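Here's the structure, in structure tokens; my notes come after.
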There are 2 protein chains.
Amino acid sequence: MPYMTPRYDDLVNPRPDTSLAQRKRQLVSDELTEAALQLLALKGFDGVTVDEIVAAAGVSKRTFFRYFASKEDVVVQFLAGMGADMRDELAARPAAESPSVALRHTVQVPVAACADHSDHAARALRVVRLILRTPALYARFLERQAQWRDALATELAGRLGLAPDADLYPRLAAGMALSAFDTVLHRWSGSEGTEDPVVLTDRAFAVIAPALDEVPRPGGAR
Amino acid sequence: MPYMTPRYDDLVNPRPDTSLAQRKRQLVSDELTEAALQLLALKGFDGVTVDEIVAAAGVSKRTFFRYFASKEDVVVQFLAGMGADMRDELAARPAAESPSVALRHTVQVPVAACADHSDHAARALRVVRLILRTPALYARFLERQAQWRDALATELAGRLGLAPDADLYPRLAAGMALSAFDTVLHRWSGSEGTEDPVVLTDRAFAVIAPALDEVPRPGGAR
DNA sequence: GCCTTCTTGACACTTGATGCCACTCAAGGC
DNA sequence: GCCTTGAGTGGCATCAAGTGTCAAGAAGGC
């Protein structure tokens with residue numbers, strides 16, 4: 001089930017460089033994304049067909065599937081780069097930092113992206129709400145989270161000098177951190193964006209920190 | 001995205017009672033499940049069409065969709081009753097038991113079902129492997145896990161006298177427990193069933209227990 | 001001007017999934 | 001014994017998601 005090339009970075013800070021062809025491509029993609037989100041938020045995921053979306057965007061259906069691997073992908077691509085961002089953040093954290101602190105800052109990266117007080121935040125809230133209340137989209141989101149967990153577990157194992165697959169700790173720690181992320185999104189979405197997701201994240205990590213910081217010694221328990 | 005009536009219990013211990021009509025229905029369902037799992041394990045999820053399955057089972061395609069909400073559902077239905085079972089187990093645990101112990105026994109219910117040394121175990125391993133390595137199925141599995149998490153969080157909140165939605169703890173604790181479950185399944189599947197999933201579960205819970213047993217006092221932190 | 005490359009649109013096709021109608025058959029009333 | 005009823009079923013038509021293929025058009029190099 002291959003996803004297309006991540007465009008999260010492009011969406012966050014559209015780079016002015018690159019060729020004309022690539023900017024045209026970006027334009028079509030934005031048009032498609034805009035039309036799709038507009039319709040999906042209005043009529044629900046199953047209430048909108050791809051034909052409607054492409055009609056609104058003024059392109060052919062075939063073109064749609066050149067930009068997005070599936071209808072779900074239109075929404076999920078918003079999250080595409082988050083995994084890489086989190087992994088990079090975790091890799092950049094000082095080695096001396098405890099797992100709970102490092103992972104907390106890691107999770108804060110996408111959380112802060114949602115929380116920034118701009119027009120971006122309102123759109124992020126709409127997308128998150130759509131994902132959380134549409135089973136098909138939520139399933140894809142969780143699948144994406146599972147990939148993030150693998151990446152974070154690998155990075156964490158390297159950080160701590162543990163064999164990536166020998167110990168249960170890295171995968172569990174990554175799972176706990178993402179569980180916190182998920183819980184924060186639910187609360188944030190449920191509160192209509194009134195609660196501060198950054199604060200929620202801190203509170204969530206206060207709960208899971210006792211387990212995160214019980215690191216097994218390298219080469220210890222099989 | 002409504003799933004059909006759970007039949008996990010029927011599969012675990014087929015009840016001999018009920019009317020003739022219901023037994024006929026059970027027969028068709030079993031035939032369909034058997035044919036589907038046989039083909040899916042052999043040719044992969046996308047390598048098998050519904051038409052092949054119904055041809056092998058000797059029924060029409062229309063009938064297939066009367067028993068299963070989707071092709072994915074054939075596989076996922078194996079897990080249908082696990083959520084209820086876990087919730088029941090958690091509800092039945094003594095109130096004095098700490099969250100980590102209660103949740104560990106809760107997760108051991110489905111784990112033990114996989115581990116029992118019968119012909120059932122081999123089939124369970126095949127199904128788990130199929131789910132874990134098929135993105136579409138794994139996504140559905142995770143979606144199902146999310147439902148379990150909600151149920152477990154509600155049950156846990158009731159156990160501890162916490163408001164279900166006021167505190168982050170119940171949802172996080174349930175998420176951690178299911179994260180352990182998921183990790184155990186991966187390890188068990190990866191080891192081709194040689195590792196004992198019950199032991200793996202105990203080890204996983206040893207990692208997350210420090211966080212699980214830091215219960216916030218009822219009505220404490222907002 | 002010509003050629004190459006990339007992008008797009010149009011069409012046909014496969015497959016998952018659903019609606020509709022007719023048929024079968026067991027159960028129960030008369 | 002016959003008829004009705006209702007659940008289960010098969011066949012067919014249909015919709016929507018997604019893919020393969022090919023021809024047409026625009027950008028850039030020669």
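Letters A, B, ... mirror the listed sequences (proteins, then strands); counts begin at 1. All figures in this text were calculated on a predicted structure; none of them were measured in a lab.
For the pair B:Asp73 CG and C:dA17 P, the computed distance is 9 Å after rounding to whole Å. Between the P atom of D:dA26 and the CG atom of A:Leu27 lies a distance of 17 Å, rounded to the nearest Å. One can place CG of A:Asp46 at 18 Å from P of C:dG16, the figure rounded to the nearest angstrom. In this entry the distance linking CD1 of B:Ile53 with P of C:dG16 reads 8 Å, nearest Å. If you take NZ of B:Lys71 and P of C:dT18, they are 14 Å apart, rounded to a whole angstrom. In this structure, B:Phe64 places its CZ atom 19 Å from C1' of D:dC12, rounding to the nearest Å. Spacing between atom CZ of B:Phe45 and atom P of C:dT15 amounts to 14 Å, rounded to whole angstrom units. Between the NZ atom of B:Lys61 and the P atom of D:dG10 there is a distance of 14 Å, rounded to whole Å.
In this structure, of C:dT8, D:dG18, C:dT18, it is C:dT18 that holds the atom nearest to the side chain of B:Phe65. Comparing atom distances between the A:Arg66 side chain and each of D:dT21, D:dT9, C:dT15 picks out D:dT21 as nearest. Proximity note for B:Val50 (side chain, C-beta onward) versus D:dG11, C:dG16, D:dG18: the nearest is C:dG16. With distances taken from any side-chain atom of A:Arg62 to the nucleotides D:dG20, C:dG16, D:dA17, the minimum falls on D:dG20. Considering only side-chain atoms of B:Ser60, the nucleotide from C:dA17, C:dA10, D:dG10 that sits closest is D:dG10.
A distance below 6.0 Å separates the ring centres of A:Tyr138 and A:His186.
Using a 30° and 60° split on the angle between ring planes, A:Phe181 and A:Trp148 fall in the tilted class, from 30° to 60°.
Along DNA chain D, the nucleotide nearest to A:Thr49 and the one nearest to B:Val59 differ in position, and the one closer to the 5' end is contacted by B:Val59.
A donor-acceptor pair is defined here as one N or O able to donate and one able to accept, closer than 3.5 Å; such a pair exists between the side chain of A:Thr194 and the backbone of A:Ser191. Checking side-chain atoms of B:Glu52 against main-chain N and O of B:Thr49 turns up a donor-acceptor pair under 3.5 Å. A donor-acceptor pair is defined here as one N or O able to donate and one able to accept, closer than 3.5 Å; such a pair exists between the side chain of A:Tyr169 and the backbone of A:Leu212.
Between A:Thr63 and C:dG9 there is a side-chain polar atom (N or O) within less than 4.0 angstrom of OP1 or OP2. Of the side-chain N and O atoms in A:Tyr67, one or more sit less than 4.0 angstrom from OP1 or OP2 of C:dT8.
B:Val48 comes within 4.0 angstrom of sugar-phosphate atoms only, judged by non-hydrogen atoms across all strands, and of no base.
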